[in-house]
**Student:** 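Please read through the structure below; I'll follow up with questions.
Starting from 1, each residue takes its place in the sequence as its number.
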Amino acid sequence: MAETAYTTRTNRNRLTYIGLWALATVAYIGLAVAGYPAVAAVAFFLFGGATFALGRPASMFDERDADIIEEASANTIQVIGLSSAIVFPTAAILSGLGYIEFPLWLAFAGVVIALIYALWGGFLLLARRRR
């Protein structure tokens, strides 16, 4: 009986944790697009910060979740990498040939993607060092 109660509470906390992060993201994007960037940042901080009241995520997720998260993360890195390898050179070539004008937002997206890969590379080195 105690195990069932723990599992139910853990599942509820897990769904609440995921829901709060989803709500934080949707609120941030919605408010930023609506022209309220400061309110968007506060909403993200509040909803995201509320997840800390639930406890550590490690206590809500087990090894099955870790395997799923690992697969999803690997697929995400692969899709971002392949998309970047196609989109950025193609846009640069088309811009150089005069067919399109290289949009400024694409340059910012490239910086964000480069930072994501730098962060991933740092964590990869850290994980290898720990083993």
**Student:** Would you call Phe102 and Leu94 a side-chain contact if the rule is heavy atoms closer than 4.5 Å?
**Tutor:** no
**Student:** Does a side-chain heavy-atom distance below 4.5 Å link Tyr117 with Trp120?
**Tutor:** yes
**Student:** Applying the 4.5 Å side-chain criterion to the ILVMFWY set and letting contacts propagate, would Ile77 and Phe123 be lumped into a single cluster?
**Tutor:** no
**Student:** Under 4.5 Å between side-chain heavy atoms, counting indirect links through other Ile/Leu/Val/Met/Phe/Trp/Tyr residues: same cluster for Val39 and Leu20 or not?
**Tutor:** no
**Student:** Less than 4.5 Å apart, side chain to side chain, heavy atoms only: is that true for Asn75 and Glu71?
**Tutor:** yes
**Student:** What heavy-atom pair brings Pro89 and Ser84 nearest, and what distance separates the two atoms?
**Tutor:** CD-O, 3.3 Å
**Student:** So which heavy atom on Gly48 is nearest to which on Ala24, and how close?
**Tutor:** N-CB, 3.8 Å
**Student:** Mind checking whether Ile18 and Leu23 sit in one hydrophobic cluster, side chains of I, L, V, M, F, W, Y counted as touching below 4.5 Å?
**Tutor:** yes
**Student:** Please state whether the rings of Phe44 and Trp21 are parallel, tilted or perpendicular, taking 30° and 60° as the class boundaries.
**Tutor:** tilted
**Student:** Could you report the tightest heavy-atom contact between Ala91 and Ile100, atom names first, then the distance?
**Tutor:** O-CD1, 3.8 Å
**Student:** Which heavy-atom pair separates Ala40 from Ala32 by the least distance, and what is that distance?
**Tutor:** CB-N, 3.7 Å
**Student:** Using the side-chain contact (heavy atoms from CB on, under 4.5 Å) rule, pick out the option among Val26, Leu31, Thr25 that qualifies with Ile29.
**Tutor:** Thr25
**Student:** Are Phe45 and Val42 connected, step by step, through hydrophobic side chains (Ile, Leu, Val, Met, Phe, Trp, Tyr) whose heavy atoms are closer than 4.5 Å?
**Tutor:** yes
**Student:** Which atom names give the shortest non-hydrogen contact between Phe88 and Leu106, and what distance separates them?
**Tutor:** CE2-O, 3.2 Å
**Student:** Do Val87 and Ile80 land in one hydrophobic cluster if side-chain heavy atoms of ILVMFWY residues count as linked below 4.5 Å?
**Tutor:** yes
**Student:** Say you draw a straight line from CG of Leu125 to CZ of Arg129; how long is it, rounded to the nearest 0.5 Å?
**Tutor:** 10.0 Å
